[in-house]
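In what follows, a structure is listed as structure tokens, so that the remarks can point back to it.
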Amino acid sequence: MSQTPHDILVRLAWRMIGLLILAVATPNASARATLDYDMLISGRYRHSIDLSAYAPGADARAPTNRFEGRLRLRGQPRTRTLTALDDYLGPRDAAQARTLPEDFDYAFVQDGDRLVPVVRGPIASRHPWWEVVLEPGRVWDEPGDHGYSRAAIPFALVQKNANCTHNGVLTFLFTSDGRISRAAMQVSSETCHYLQLDMWGLLDADYLPEPVPGREALLAAHASEIAGRLPVRPLTALAGDHPGVDPAALAIGAARGRTAYGLVVDGVHYLSACATRHGDYPYCEVLDLPSYSVAKSVVAGLALMRMEALHPGTRDLPVRDWIPASGCRTDKWAGVNLQHLLDMTTGQYDSPAYMADEDDPRIRAFFGATDHATRVAYACEAYPRHEAPGMRWVYHTPDTYLLGTALQQRLRAQTGRANADLFEDLLWRDVFAPLGLSPTARATRRSYDAARQPFSGWGLTLHADDIAKLGGFLANDRGRIAGRQVLDPVLLAEALQRDPAHPGLPVAHLDRYRYQHGFWARDLQAELGCRGATWVPFMSGFGGITVALFPNGVVWYNVADDGLLASIDFAAPAREASKFGPLCADASTTP
């Protein structure tokens, strides 16, 4: 059949339209501007890039290769130091922190487009400064990768024996039979007041395919972890869901100091983007956040409350009977009980001024120790007794460490198990696991000797979902899980300022602040325009971490590290929280 010129033009037009549709639907290899095939195989990584390059793009497809086995990395990145404070760092510390562990050799299993590490939480390393935290990542295919699949693994570098946390991402190309490109890595954010730096570069990589024991259990646990997270929405959706609420007011302090912040209301977790110096972190749901002294509330505080619920009278036990160190069995410890340790009211100190003892250079002997005996000896012996216990609050992390030691001894005595572990066998089993906290939260900081004493005053690594769940458990559930009371209700009510007869002690010379049972409280009467004192309990961590537990059940948190007052002043978020229900103690405000 002959074709007219018109028919030919129509057919050509339809062919051009088809080619245009195909081009849009199937981008070519040049669609990826950075970390493309050529760069990962043989290119150079000259400077930090936007972290969106570490996430699947619009042209991502289901992976055709499968990763199961070990990933080994070698090499060192480029670095750029932004902050290194001499008050916290020795002469070699910053130099050590600019290098990576050379013993990176970890197993992963793949489930569809998910890549799951076998080990979660901080992993011990031979490196003098860093330990590694690995998080579940993604696997996908892209046009232009020549039959390879692409993987991305969120990770964090966590300071050894401390809590400073630097978040990064790895990415590489691989095939099922073990071929692998170099691995690109970049660190562009941290929660660390005294050391802030960028890292980026290409590392040599080996992939050793092999079956991973317990694969199905690992994948089932990961699926359960995802399913158990609170419903999460971007913080920007808050104004639409709750007209009149201003999401911008929830971001306090300078943007450069913030890691993440959020609000929990009616069981929904509104989460900010996780901004970095080079774009938003692409795996915000598994961004690793340090607890610092929030652990004084959720480890030391909750451990005593759980022990009191199980074994009434634990709060009143004498310190001298439960600390296996001679320094705590002297006369200066007479009359000091476990609750005094939690409250930091032992009557022993060098200076009663706000944070004077905690900031004194000699406390480095406590924080820098790697063994349990040295820390206990310091905590027992360092400070003279000035007055009877229970009279004055003086901030002392060593007190909280002693409490964890005493509670572990008490737990062992009650269970008859010489190796019972306060964190694993009490907190995780009875509180954290039933709450559905992440596997990352299960690995707390410990002493590096045979004692492996869990830290009770700092040392957790948390996800935003963990913070949201802990906040809701305290603010709304009042220590109950599935209707069962797991925390002593009296201690918890006192800690959360719900017992006017036991308000706690004032915080040194800070006006309108209290501290009790590991929790802070602030009177927001003036800021909220209330007729009477309105005490809001909150948890606090070094550098600018705040978790506020508002009386109307709203939870707000901010993770920052600039150490400035603007990053911990939660008056503006309190005003937004008051829009969900009254906060004033008498439910009224001044005209």
Side-chain angles (χ1 to χ4, degrees), residues 264 267 291 293-317 337-345 390 393 399-400 403-404 406-407 410-411 422-423 426-437 441 456-457 460 462 466-505 507 513-523 534-541 546-557 583 585:
V264 185
S291 72
S293 290
V294 169
K296 291 181 171 69
S297 308
V298 300
V299 177
L302 299 195
L304 181 57
M305 294 175 195
R306 179 59 182 155
M307 284 292 287
E308 185 68 20
L310 292 172
H311 311 290
T314 299
R315 65 191 291 181
D316 299 319
L317 293 175
N337 61 35
L338 301 196
Q339 183 177 306
H340 292 136
L341 292 176
L342 182 59
D343 290 342
M344 302 182 186
T345 59
W393 173 89
D399 289 353
T400 316
L403 175 63
L407 287 175
R410 172 71 167 171
L411 178 66
L422 179 70
F423 188 86
L426 183 84
L427 267 179
W428 183 262
R429 184 196 66 189
D430 293 356
V431 183
F432 290 178
L435 285 176
L437 297 198
S456 48
L460 286 181
L462 303 168
D466 298 327
I467 295 175
K469 286 174 178 172
L470 286 165
F473 168 62
L474 295 165
N476 294 297
D477 300 332
R478 305 199 175 198
R480 295 186 296 268
I481 300 176
R484 182 173 63 93
Q485 189 74 42
V486 297
L487 302 182
D488 178 74
V490 174
L491 277 172
L492 182 59
E494 292 172 356
L496 300 185
Q497 300 296 312
R498 290 170 176 163
D499 182 355
H502 297 88
L505 291 174
V507 173
Y513 281 83
R514 293 172 178 166
Y515 191 90
Q516 180 156 237
H517 305 344
F519 290 76
W520 301 74
R522 178 184 176 188
D523 179 11
T534 299
W535 291 94
V536 174
F538 66 98
M539 302 182 279
S540 179
T546 306
V547 184
L549 310 171
F550 293 109
N552 61 1
V554 173
V555 176
W556 169 88
Y557 66 89
L583 298 181

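Values in this document were obtained by computation on a predicted structure and should not be read as measured data.
To the nearest 0.5 Å, the span separating CG on L492 from CD on E308 amounts to 12.5 Å. The CG atom of L491 sits 8.0 Å away from atom CG of L342, with the distance rounded to the nearest 0.5 Å. Of the inter-residue distances, the one linking R522 atom CZ with W535 atom CH2 reads 10.5 Å to the nearest 0.5 angstrom. We find the NE2-CG distance between H502 and L505 to be 11.5 Å, quoted to the nearest 0.5 Å. Taking CG of D488 as the start and CE of M305 as the end, the distance is 8.0 Å to the nearest 0.5 Å. Atom-to-atom distance recorded for Q339:CD and L403:CG is 10.0 Å, nearest 0.5 angstrom.
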Take M539 and F519 through the test side-chain contact (heavy atoms from CB on, under 4.5 Å) and record every step on the way to the result.
CA-CA 6 Å; M539 302 182 279; F519 290 76; 3.7 Å; yes
Residue pair T314, L407: steps toward the side-chain contact (heavy atoms from CB on, under 4.5 Å) verdict
CA-CA 8 Å; T314 299; L407 287 175; 3.8 Å; yes
With side-chain contact (heavy atoms from CB on, under 4.5 Å) as the criterion, how do L427 and R306 come out once you've worked through the C-alpha distance, each side chain's angles and the decisive distance to 0.1 Å?
CA-CA 8 Å; L427 267 179; R306 179 59 182 155; 5.6 Å; no
Given side-chain contact (heavy atoms from CB on, under 4.5 Å), test T400 with M344 step by step and report yes or no.
CA-CA 8 Å; T400 316; M344 302 182 186; 3.6 Å; yes
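Within the 4.5 Å cutoff, side-chain heavy atoms of D343 are placed close to those of Q516. Inter-residue side-chain proximity for P551 and V536 is flagged as met; some heavy-atom pair is nearer than 4.5 Å. Residues F423 and L460 meet the side-chain proximity criterion, which asks for heavy atoms closer than 4.5 Å. The shortest distance between side-chain heavy atoms of L411 and L310 does not fall below 4.5 Å. Side-chain atoms of V486 and F473, non-hydrogen and from C-beta on, do get closer than 4.5 Å to each other. Counting only heavy atoms from C-beta outward, the side chains of L470 and V294 never approach each other to under 4.5 Å. Between V555 and L549, the closest side-chain pair of non-hydrogen atoms falls below 4.5 Å. The closest side-chain heavy-atom distance from L302 to L474 is below 4.5 Å.
A distance-only check finds no donor-acceptor pair linking the side chain of N337 to the backbone of L317 [under 3.5 Å]. Side-chain N or O atoms of D466 include none that pairs as donor or acceptor with a backbone N or O of L437 at under 3.5 Å. A donor-acceptor pair is defined here as one N or O able to donate and one able to accept, closer than 3.5 Å; no such pair exists between the side chain of K296 and the backbone of G518.
For the residue pair G457 and A295, the shortest heavy atom distance occurs at C-CB, 3.8 Å. Nearest approach of P537 to A495, heavy atoms of both residues: CB-O, 4.2 Å. Considering every non-hydrogen atom in both L462 and A441, the closest pair reads CD2-CB, 3.9 Å.
Partners of D477 according to the salt bridge (charged side-chain N to carboxylate O under 4.0 Å, His left out) rule, which considers only residues two or more places apart in sequence or in another chain, do not exist here. Every residue two or more places apart in sequence or in another chain that forms a salt bridge (charged side-chain N to carboxylate O under 4.0 Å, His left out) with R315 is listed here: E494. Partners of K469 under the salt bridge (charged side-chain N to carboxylate O under 4.0 Å, His left out) rule, at least two apart in sequence or in another chain, are D465.
By the 30° and 60° cut-offs, the orientation of the rings of W393 relative to Y515 is tilted.
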